[in-house]
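Note on naming: letters A, B, ... go to the chains in the order of the sequence lines (proteins, then strands), and numbering restarts at 1 for each one. When reading the values below, keep in mind they use all heavy atoms of this one structure, side chains included, and skip hydrogens, waters and symmetry mates.
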Amino acid sequence: MREDRSPILELQGITKSFGGVEALRGVDFALSPGEIHGLVGENGAGKSTLMKIIAGVHTEFSGRFLIDGQETHFRSARDAHSAGIAMVHQELSVAPDLTVAENVFLGNQPTNRLGLVQWRRMAREAGEQLARFGIDVDPMSRLGDLPIGLQQLIEIARVLFSGARIVILDEPTSALSPPEVERLFATLRRLRDEGTAIVFISHFIEDILRVSDTVTVFRNGRKVAETASAATSKGALIEAMIGRGGEALEHSYSDDLMLPRPSDSAVVLKVDQLSLARSLKDISFEARAGEVLGIYGFMGCGQQELSRILFGKLKSDGGTLAVDGKPKTFASTAAARRAGVALVPESRRDMLFHQEPVYKNISISILDRISALLLKPAQERDIAQRQVEQLQIRPPVVGLDLGMLSGGNQQKVALAKWLTYPPKLLVLCEPTRGMDVGAKNDVINIVRDLRTKGLAIIVLSTEPETVLSLADRILVLKRGALVREFKNEPVSKDRLLEAA
Amino acid sequence: MASSETALAAGQRARGLAPFLRSQMRNIAPFLTLIFLSGFFALASPSFATLDNLGNILTQVSVTGIIAVGLTFVILCAEIDLSIASIANVTGIAVAYFTLQESYVNIPNIPLPGAAAILLAILLCAFLGLVNALGLTMIGIPSFIMTLAMMQIAAGISALLVRGQIAYKVPGVITTLGSGSIGGIPWIVIVAAIMLLLGHLVLTYTRFGRYVYMVGGNREAAEYSGLNVKLILGAVMVISAVCSGIGGMLGVAHFGSAQQNEFDTYLLDSIAAVVVGGTSLFGGRGGIGNTIVGLFVLGVLNNGLDHVNIDSFLKILIRGLILLAALVINVYAQRLREKAVE
Ligand SMILES: Nc1ncnc2c1ncn2[C@@H]1O[C@H](COP(=O)(O)OP(=O)(O)OP(=O)(O)O)[C@@H](O)[C@H]1O
Ligand SMILES: [Mg+2]
């Protein structure tokens with residue numbers, strides 16, 4: 001059925017370089033109406049770059065760009081928008097200070113004849129649109145106050161219902177819970193059947209295989225494969241992506257996995273009866289040295305708040321924290337860091353300085369260990385260089401502005417910040433979000449390595465796979481309360497989902 | 001690795017001059033403005049481009065320069081300090097208040113030895129800066145509002161101290177630094193140069209300076225990196241107040257009198273110097289180098305307009321327009337740079 005339609009978008013021989021880095025080398029890409037086109041590839045393979053070219057964000061490149069068979073050159077994202085192209089960027093690009101409704105209608109608020117915004121109408125229509133997508137939220141609340149996953153959903157909803165002919169989704173599911181992913185897929189299929197062309201980028205290969213009609217694989221700025229989804233397999237795709245026998249890298253976690261006997265090493269963190277307004281209720285648990293504690297739950301279950309309290313970013317309403325047996329009330333993140341606690345939040349934007357070079361991003365949290373008064377840039381660079389090599393951050397250039405790294409590589413930098421002088425307690429939120437299979441594996445190895453060094457590690461995630469691949473003991477958080485503990489027993493993805 | 005880095009740097013340069021220039025717009029534009037203005041006035045008036053006049057310009061921007069050092073720190077953190085001129089004024093008045101005045105000065109003051117007077121004045125401005133800092137960080141009042149209140153408070157203290165009178169005497173050291181000169185170079189120019197240099201060294205080579213840039217670049221990320229953001233913001237407000245205080249003391253000596261509302265024009269001038277120089281109002285970009293260029297742009301403009309035959313009332317409008325142009329460039333440069341990194 002797809003074959004008889006001519007492509008709505010055709011790219012030929014696209015080459016794009018950023019300074020010395022060739023991000024795309026002679027890529028051909030075509031998109032037909034009524035198809036969902038999956039895109040996979042390692043971190044830095046060039047997926048986002050190609051999509052940004054289509055969406056008019058990058059305007060300087062070489063190669064031919066045809067829409068409806070007409071050679072076109074966008075000069076801005078607005079041009080692309082008027083040509084019917086809409087994109088959800090990998091980095092959330094919402095306006096946190098505006099209301100939900102304003103975000104939904106960003107740029108085309110309904111106005112009356114005097115040009116005044118019709119707030120009531122806007123709120124109602126935004127509410128209706130979001131409800132259609134299964135999102136129940138007050139359209140007049142400030143977007144920045146909502147959990148990041150919900151913000152992501154709202155941005156997706158905005159783009160999906162903007163009436164675009166071509167919709168690009170760059171890793172849209174990274175913060176979504178399984179039911180939300182299902183809802184998204186159902187909507188994508190419906191839009192496809194109505195004739196929209198959809199590009200879907202993800203590191204979850206199973207999702208790609210499930211929802212897309214065609215899959216294209218990128219590697220090192222080249223397109224290395226394009227097949228019908230029905231005619232390929234996860235193993236084959238991973239192999240095409242990274243070239244080695246990839247299957248070993250990805251577990252499916254559908255079978256039972258045996259958790260080890262709980263460790264009896266020293267208690268590093270003791271949390272007692274912690275509560276926070278409507279988000280957390282009487283949370284009590286311990287984290288021990290040399291143990292990875294997984295905390296699993298759906299989006300909005302309170303993980304985010306819990307992690308912020310542990311790092312002194314939020315104050316709890318009640319309950320106590322003790323680090324190494326000493327009671328603590330963190331007045332600031334600086335106090336938490338001094339007590340030996342470190343946090344990697346789920347959103348990289350919160351933790352990174354996009355306009356500063358990689359080495360300054362890595363050294364900022366340990367600067368007081370490197371220098372008393374005067375900076376020592378050479379030493380900073382050395383330290384950063386070591387982290388960059390250990391985590392295989394690409395490109396391995398510590399002087400590059402962080403904003404020039406691909407999304408997955410930025411995530412690695414966020415982790416690298418804490419690794420030079422490991423803390424006592426490392427709290428990781430969604431540590432593998434946005435990482436390709438190889439990089440995920442690297443992170444798993446790094447976390448295991450830190451565990452053997454005696455750190456207490458807490459991994460909070462909404463992805464069962466992440467928790468299962470890392471944790472020795474698993475707590476399940478549901479609507480702000482701990483509802484189940486898995487230890488010394490078999491556990492699987494289904495069991496986790498059931499408990500949550 | 002080193003070689004790949006240089007290759008990349010070379011690549012970035014080779015990518016073309018245009019993008020490089022675009023990303024450097026915030027530094028280049030003020031410099032071009034300065035060259036253009038200097039050239040214009042040099043052609044328009046024979047008395048402008050002389051060594052003597054250069055000395056004049058330097059002296060004229062000195063007080064602004066001293067105040068602008070601290071303000072640069074504040075703006076780099078994406079905050080603002082509207083109390084600089086008032087704090088300068090009250091500190092200048094305070095140092096006179098604690099100095100023995102001539103008998104015809106009718107102020108019920110408290111004469112103290114010079115060193116004590118200076119110390120008390122410095123403590124006063126540091127204290128006012130601390131109040132700014134606490135309001136901003138502990139109570140969470142936006143700096144714009146907090147320092148607006150402080151502007152009134154400092155003016156109020158000034159009023160109470162001088163009660164509409166004028167004081168003339170300040171301690172000897174201050175008189176020398178404010179109005180004396182050494183080897184033909186006014187001390188006030190030397191002090192301004194030293195303070196600008198110090199500010200530059202602190203911002204560029206110290207850990208604190210890095211923190212200032214990082215807090216300004218992304219406050220959330222600074223907090224997630226475990227920096228004590230409140231402490232840094234607080235320190236910056238105090239630095240600003242102390243620089244203003246020093247500028248105020250020397251200013252009083254320079255003008256030869258201490259009175260109410262003496263420094264009012266310095267608020268706008270100092271903000272203009274920092275912003276015209278290209279330091280980003282959004283924080284994280286710019287520095288003392290920019291402020292120096294900004295000072296010269298203002299200095300040349302103010303001085304040059306005196307050298308050409310122009311309606312003195314028109315001068316005010318011209319200054320306003322130049323400031324507006326600089327603001328446009330400032331905001332535009334930020335956008336260009338963001339685009340280059342995106
Ligand atoms: N603005 C930029 N300036 C310089 N280099 C860039 C820029 N954007 C991307 N790159 C580089 O281009 C390459 C491709 O990046 P891209 O973001 O397209 O990767 P990706 O496939 O989306 O990866 P990920 O899965 O990590 O998101 C990377 O090497 C990256 O460092
Ligand atoms: Mg990407």
Validation row: B/Tyr224, A/Arg337 side chains within 4.5 angstrom (heavy atoms): no
Nearest atoms (heavy-atom pairs only) where B/Thr206 meets A/Leu374: CG2-CD2, 4.0 Å
Proximity breakdown for A/Ser363 and chain B, heavy-atom pairs closer than 4.5 Å: side chain
Contacting region of A/Leu352 [heavy-atom separation from chain B under 4.5 Å]: backbone
Contacting region of A/Arg338 [heavy-atom separation from chain B under 4.5 Å]: neither
B/Met214 versus A/Ile364, closest heavy-atom pair with distance: CG-CD1, 3.5 Å
Worked check of side-chain contact (heavy atoms from CB on, under 4.5 Å) between B/Tyr205 and A/Leu373: CA-CA 8 Å; B/Tyr205 296 106; A/Leu373 177 68; over 6 Å; no
Closest heavy-atom pair and its distance - A/Ser365, B/Ser225: CB-O, 3.3 Å
A/Glu356 and B/Arg210 ion-paired at < 4.0 Å: no
Minimum side-chain heavy-atom gap B/Glu220-A/Lys313 below 4.5 Å: yes
Distance (rounded to the nearest 0.5 Å) between A/Phe311 CZ and B/Glu223 CD: 9.0 Å
Contact check, side chains of B/Tyr211 and A/Leu367, non-hydrogen atoms, under 4.5 Å: yes
Enclosure of A/Tyr421 OH (heavy-atom neighbours >12, cutoff 6.0 Å): yes
Interchain contact, A/Ala372 with chain B, by part (heavy-atom threshold 4.5 Å): backbone
Test item: B/Lys230 and A/Ser332 side chains (from C-beta on) under 4.5 Å apart, heavy atoms: no
Under 3.5 Å: donor-acceptor pair, side chain of B/Arg207, backbone of A/Ile370: no
Contact class of A/Lys360 relative to chain B, heavy atoms under 4.5 angstrom: both
Minimal non-hydrogen separation, A/Thr333 against B/Gly226, with atom names: OG1-CA, 3.8 Å
